[in-house]
Amino acid sequence: MFALGCPTPRPAQDAGPVLLEDGGLAATRADFLGAAGTCSLQAVTKFRAEVDALNAAPTKDNWKRAMKAWQRVELMQFGPTGSSSTPGGMDLRDQVYSWPLVSRCSIEDVLVSKRYEAGVGSLLVNRRGLATLEYLLFHESDDVICSTAGWAALSATERTAQKQAYAVAVSADLKVHADALVTAWEGGFVETLRTAGPGNPTYMSTGAAMNQLGAGIFYLDRVIKDLKLAAPIGLRDCAAPPCLELLESQYAGHNTANLRENLVALRQLLEGCEPGYTGVGFDDLLIGARASALADRQHELLLAAEAALAAIEEPDLKEALVTDPASVRAFYDALKAITDLLKSEFVTVLDIDLPMGLEGDND
Amino acid sequence: MTERRDAAALAVFRMAFGALVAISALRFLAYGWVDTLFAVPFRFQYFGFEWVPSPGVEGVRAMFVALVLLGVMVALGAFYRLAIVALFVTFSWVQLLDVSNYLNHYYLVSLLALLMCFMPLHRLWSVDAWLRPALRAETLPAWCTWLLRFQVGTVYFFAALAKFNSDWLIHGAPLHLWLSSRSEWLTSPEVAWFASWGGFVFDLTAPFLLSFRRTRKFAYVAVLGFHLTTSLLFPIGMFPFIMMLSTLVFFDASWPRRWLRTPAPAPAAERTPRWVLVPVALWCVVQLAVPLRTFLYGGDVSWHEQGMRFSWRVMTREKNGSVTYVVRQRSTHREWHVTPSQYLTPVQERELSVQPDLILQLARHIGAEFHARGLKDIEVHADTWVSLNGRPAVPLVDDSIDLLQVRDGLAPARWINPSPTTKPMAPALFSRR
């Protein structure tokens, strides 16, 4: 599994089908798509298990476990996990975790008005999901910034009870979405991915399915690198660095743990989802395309990013950005090196279109 | 060139051209591409055409609706003179709105429409000729046919010239990258190599083989086979159909009458004044000079892209990149990282990431925006990583250069790094798999 600060040499050959002895291609795109689908199914199944526990007992520890599981799913936003504009997509991402769309004020309005009692499924996404639950479980201070009059009228016991009731409602809503995700994946979507090509009504070519998996690259670049890191560091959208208010996980301080899980999922996609990052991953397609040097560089960059993240000693980036901002910047640079490689050489060799282009004329 | 020929072939060409423009415009409207491509917060402008105004996305939508109508009018030969001029102006205006939308076949459509403005292609088989019998003519000046053949021929010839490089002919790199991702049986390097040579030989010989009666039929079968294959394999939209129909101009002037079983008109004694040949010759010189300017820049045009546009370098390279602008304030040493996605649509960003002049344009825009925010002493650098034909990604632009100090122009750009010297990503031929 994830070996923090302890880079291991990349196995010469994964356990799954990779290369024949004569160097021929053994891991086909179908193999890879099936493996990626299985990996995604495993990730959502794990998430559902953690959400079941969270639903049974909405505690801080259960939230952390559910959040860790979700942070892996974040990199796998394809198939049912993807947006509704993509094949099979159910648009559940923001309903489970709406960050950076988070509004403390909106949550407090629901909390004080007890609108959660009618169910949270119809509330806007920034009033439910894991981010809302984080506020309810981890914001222990008794203050509110909105609905202050109504809040002041409540006793301490009533406040605690309302927070708990809201948390229970949000957890139950999360379970609905987790169940729906797993059901959709178990309903044959792994096979849909594996059989992409002519005759497959969802993905009429393997290229179309491969492009969907590029969503992970898109998320790594636009969300992890730019929003989770560049903005708080002060490299963008920040008047006076550091901009700690732009960090993910304001109340639980769970941001480095989230990043760690993001990196695990990225490596699972790129190198293989089985223990030790074996199994079929994008790297096997690179080797099959006779670009093993690129696969090696990709591996080195992944290890460098893991090492850079491990070098951040503080568990909460809120502290790290004050006491050791260079360590956070080093991690950002390490991630940028990966996205630069993925957006240039990687997509060229595998002929992947990132989810930025459109089908259209070209010459 | 000064004699007159049967007008039948060019009348069919007019119909096909108008129909293709109408279908193309309909596709744009139906697929929502007007919004995707023209609802943009930032426009990349053509050097020398910065004055072209944008009518806004609704204005562009209206222009595409107009193009459908104008295409139909041209096809029918209804109010042809007015329609073809309006079609040329509207189509070209749309194309000039944003460089990132440039496509060779759109450029070809603009050129053909401009030529047709000077050709009386409505004299036969048209609404105009039906309404005004005095207009009707069975023959047209031969220079019309020759000029259209020349224009279509240059596309093939320069497309072949663009393929005359080691990446294409020795390594078969672009086609290997494209084909191997499409089907397992296309992963063989030999397939890519033979396809590369096939494409090169086809492009080089097509205009000549189409020009001779004895080889024309075989050449046209090859044209159909080639373009239908590329249409199936690659998302190149209308281009194959434009070329398949445009190459009909190589057939003899009376070919439609054989299908209709009507006799060809008697040879006309009337001649075109010889002075007409002067602008025709000038047009040809310009059409040769513009693509040839590419070679004045030296280096690998697929890398530096200077002289890339308007040169018929059709699908000759696979190139992807990543761009981050690094804005530095000299007085405070503060640094910002600006991603193109903050200003561009995904389509624009993809084009920008591999085209230096677009990178420069956005750098200047970012600089102006920072200035407007009161940050005066800033520099804008570009951190670019680009992979050409699968080579290891290297910086496209010299990141030590402050792009705000660079002047855009037609001179060779010193701020673009030399092309990489490594080999492209292509396996050795006939190696054991």
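Residue numbering restarts at 1 for every chain, and letters A, B, ... go by the order of the sequence lines. Just so it is clear, the model here is predicted, and its values are computed rather than measured.
Neither the backbone nor the side chain of A:Ser205 comes within contact range of chain B; no heavy atoms are under 4.5 Å apart. For chain B, the nearby part of A:Leu350 is the backbone; its heavy atoms alone come within less than 4.5 Å. The part of A:Asp226 that comes within reach of chain B is its side chain, from C-beta onward, which places non-hydrogen atoms under 4.5 angstrom from that chain. Only the side chain of B:Gln342 comes within less than 4.5 Å of a heavy atom of chain A; its backbone N, CA, C and O stay farther away. The contact between B:Arg334 and chain A is made entirely by side chain atoms (from C-beta outward), counting heavy-atom distances below 4.5 Å.
Rounded to the nearest 0.5 angstrom, B:His337 NE2 and A:Leu229 CG are separated by 12.0 Å. With values rounded to the nearest 0.5 angstrom, B:Ser322 atom OG is found 12.5 Å from A:Ile338 atom CD1. Within the model, atoms CE of B:Met425 and OG1 of A:Thr348 stand 10.0 Å from one another, a figure rounded to the nearest 0.5 Å.
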**Prompt:** A:Ser344 and B:Asn320: side chain to side chain donor-acceptor pair (under 3.5 Å), yes or no, with the steps?
**Reply:** CA-CA 5 Å; A:Ser344 54; B:Asn320 289 287; over 6 Å; no
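Between A:Arg329 and B:Glu335, at least one side-chain N (NZ, or NE/NH1/NH2) sits under 4.0 Å from a carboxylate O, which counts as a salt bridge. Under the 4.0 Å criterion applied to side-chain N and carboxylate O atoms, A:Glu345 and B:Lys319 are not assigned as salt-bridge partners.
Under a 3.5 Å cut-off, the side chain of A:Arg236 and the backbone N or O of B:Thr339 do not form any donor-acceptor pair.
For the set B:Val386, B:Val338, B:Thr324, B:Val323, the count of heavy-atom pairs under 4.5 angstrom toward chain A peaks at B:Thr324.
B:Ser353 is not listed as a side-chain neighbour of A:Lys343, based on a closest heavy-atom distance of 4.5 Å or more.
Annotation for A:Asp340 and B:Trp385: closest pair OD2-CD1, 3.2 Å, computed over non-hydrogen atoms.
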